[in-house]
Each structure stands twice: as C-alpha cells, then as structure tokens.
Number of protein chains: 2
Amino acid sequence: MTVTETTDTRTTDTCAGPPQGNRRPDGEDTYTISEVAALTGLTAHTLRWYERIGLMPHIDRSHTGQRRYSNRDLDWLALVGKLRLTGMPVADMVRYAELVRAGDHTYTERFELLKETREDVLARIAELQGTLAVLDRKISFYADAGRALASERTR
Amino acid sequence: MTVTETTDTRTTDTCAGPPQGNRRPDGEDTYTISEVAALTGLTAHTLRWYERIGLMPHIDRSHTGQRRYSNRDLDWLALVGKLRLTGMPVADMVRYAELVRAGDHTYTERFELLKETREDVLARIAELQGTLAVLDRKISFYADAGRALASERTR
DNA sequence: TGCTTGCCTGGAGTGCACTCCAGCGTTCTA
DNA sequence: TAGAACGCTGGAGTGCACTCCAGGCAAGCA
C-alpha cells in the first residue's frame, strides 16, 4: 500500500486527537473488554453490541475466546465517540465502518460521507449558537426581573 | 406580580428570535392544531403529546373542544424547539414549564436552570468543534490519499 | 477443591420521544 | 344534506440505542 501514514486500510482513519492516556505501546497493546470500557466510558455491553451490529471490526480473541482489543481498536472507538457526539445515527456509522472494511475503492465515498458529516456538524454548531443567543436573552431578562423583585420585596 | 414587561407569569419568557412569519396579529391569534403543526414543523400528534405530558400550558379550546393556539403558545413552542436542539431531555423541559406555571417565586430556580443549560450548550459546542477538527484532519487525509491513489494504484 | 471474578452468548427488556390507531364528533364545501 | 376533511381521546405501537439476564466456561487463589 502506498498511502503514507502509519496506518492500514482497515482503519486508515485513526487520528482522533490526543493519546487519551493509559495506552500501552504498540506491540503489547492488548486490552480486555473491561479495560476498554474503563478507557472509553462505554460499557462492556455496548462494546459487544457495537461489534454485533458491525460498528467494530472483528476483535481479536484470546485462546479462550475472550476479546483482546488493540490500540487501533481504541482509535476507532475514539472516532466513533466523536461521531456519536455529532448525533450521527449508529446506522450511518455502521455504513462508514463497512466502507472502511471494504477497502481502498471506497475512498471517495468515505470522503463524501465525511464532508457531509462536516456540514452537519457546522449546522449543529450554528443551531446551538442560535439557542445560546436565546438563552442569553432570557438569562439577562431573569437577572433584571430578579433585581426588580428583590427591590420590591424590601417593603 | 410586579415584574414589568408586557408578559405574564405563564410565559414571561417569550423571546425566541425572529417572528418566524405567518403569524396573525395579537388579538386575532387563534391557530388550529394543524396550523401550528405547519408553523412549527411538529406533528399534531406531538403537539397533543406535549400538552399531555405538561410541556405545554393548557391550550384554549373552541366551543366544540378543539384546540386554539395563541401567539404566546407559538412563542413557547419556539423556545421548546430551541431547547430541544440542545439535547435537553423533555423531562427537563417539563420541569422548566412547571416552574413557569408555578409563578414568580420560581424566578431564581428558572434562572439557575437556564444558566446550567447555557453551560451545557457551550460544552456541546466545544465538543462539536473538537469533532470538527477530527473531521477536518480526516478529510484532508482522504483528499491526499485520493490524490495518491489516483497517481499510483495500491494493493 | 471449591470459590470468586471476569468473560462469553443469544435473546429479552428498558427508556425516551414520539407515532399511530380506532372510534367517534364537528366543520366546511358543493 | 351529503361527504370529505379535520379534530378529539386513551391507549397501543415504533425505532433507536442501549442494557440486562440466564446459563455457562476459564483462570486465579486459599
């Protein structure tokens, strides 16, 4: 593969921000489900469920069949967490995961999907800023009203 | 009650932004449920449900028992819409509605609630901006990868 | 050796925010 | 005056994103 970066096709998309501590170095990066739960804030239930619905790649297993997560899996979960914050439905994230699994030929599709998501996020931010303006108006109204009531009550 | 302003205790909080068109002037402001549905984008089902759970004040009725919404009700719905955008749970909005109905002595409590909500909104915006940064990184990565793939074919 | 802890599975259950339904009454238009 | 369109109610149903459960295996330790 040629696309530079220290990644592979499966998760060519791991750049979800700061290291978020407690990671083990690559090579000895195996985490149990409860460790990942602690690291991500998700429950073990949710992690298994994500896998079941195809939002996670198939996770490595120990010789006894227990899940062993890698740093790459954590990266993916970090991305999923970010996308979840945008309100993206799980089904759409699954779609994205499928594209990633499908390989290089889905690059442009992924690219489009990311750009759409970006637009959605911008729109959400704008909405929230509108709401903030309303809240600020109300808050200053209540501040004034509070003062009015206070001075009145000093009868 | 003493707080000035051209409002009453029930909805002392109507300042949800621009007039949002199609309003009838105060005094002849009676809308049927389907008009309100069209104006707000909510369904008639949802409007009845909002009333049932206490998120709306009791709506005026025609002599035959049909709902007749007022401009004040539209204002309230506009606020609810804004709060909904922030992800505030309906139960919390109901709580706020109860405070509004309860009268002047809940001013400070409402004030606090609004300030908390404001903080939540700021936090949401910050989260979204973090997500935006991640998306931008990925998008530019995909843009580069796309170029690389175009010039050379990978495995 | 037994006990506790952690993890496994498929499937059922939960909570939220609607959304729809049946069966009926009222209003509007032709 | 008929028929469509609109509205009413209580209660049931839906879709999403988890969340829990029962029953069982495997590893560590006392």
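So that the names make sense, note that chain A is the first sequence line, chain B the second, and so on, each numbered from 1. All values below were derived from every heavy atom in this structure, side-chain atoms included, with hydrogens, water molecules and symmetry-related copies excluded.
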Participant: To the nearest Å, give me how far apart OH (Tyr31(A)) and P (dC7(C)) are.
Facilitator: 15 Å
Participant: Less than 4.0 angstrom from a charged side-chain N to a carboxylate O is my criterion; do Glu35(B) and Arg24(B) meet it?
Facilitator: yes
Participant: Using a cut-off of less than 4.0 Å, is there contact between a side-chain N or O of Thr64(B) and OP1 or OP2 of dG7(D)?
Facilitator: no
Participant: Rounded to whole Å, how long is the line connecting atom CG of Leu42(A) with atom P of dA17(D)?
Facilitator: 14 Å
Participant: Write down the atom of Leu113(A), the atom of Leu99(A), and the distance for their closest heavy-atom approach.
Facilitator: CD1-CD1, 4.0 Å
Participant: On DNA chain D, nearest-nucleotide positions of Thr46(A) versus His63(A): which is more 5'?
Facilitator: Thr46(A)
Participant: At under 4.0 Å, does any side-chain N or O of Ser62(B) touch on OP1 or OP2 of dT26(C)?
Facilitator: no
Participant: Without decimals, in angstroms, what is the distance between Ile33(A) CD1 and dC8(C) P?
Facilitator: 5 Å
Participant: Looking only at heavy atoms, what is the nearest atom pair of Arg118(B) and Leu132(A), with distance?
Facilitator: CG-CD1, 3.8 Å
Participant: For Arg67(A) and dC25(D), give me the distance from atom CZ to atom P, rounded to whole Å.
Facilitator: 18 Å
Participant: Looking at side-chain heavy atoms only, is the closest gap between Leu77(B) and Tyr50(B) below 4.5 Å?
Facilitator: yes
Participant: Do any of residues 48-56 of chain A sit with a heavy atom less than 4.0 Å from DNA chain C, and if so which?
Facilitator: Arg48(A), Arg52(A)
Participant: State, with a plain yes or no, whether a side-chain heavy atom of Glu109(A) is found less than 4.5 Å away from one of Arg95(A).
Facilitator: yes
Participant: Please evaluate residues Glu51(A) and Arg67(A) with respect to the criterion salt bridge (Lys or Arg N to Asp or Glu O under 4.0 Å), reporting the C-alpha separation (whole Å), side-chain torsions for both, the decisive distance (0.1 Å), and the verdict.
Facilitator: CA-CA 11 Å; Glu51(A) 195 180 336; Arg67(A) 288 172 182 79; 2.6 Å; yes
Participant: Could you check how far CZ of Arg68(B) sits from C1' of dT26(C), rounded to whole Å?
Facilitator: 10 Å
Participant: Rounded to whole angstrom units, what separation is found between the CZ atom of Arg61(A) and the P atom of dC7(C)?
Facilitator: 12 Å
Participant: Write down the distance between CG (Leu83(B)) and P (dA17(C)), rounded to a whole number of angstrom.
Facilitator: 13 Å
Participant: If you apply the rule salt bridge (Lys or Arg N to Asp or Glu O under 4.0 Å), what do you find for Lys115(B) with Glu112(B), and how did you get there?
Facilitator: CA-CA 5 Å; Lys115(B) 279 196 297 185; Glu112(B) 292 308 317; 3.7 Å; yes
Participant: Output the rounded distance in Å from NE2 (His45(B)) to P (dC6(D)).
Facilitator: 13 Å
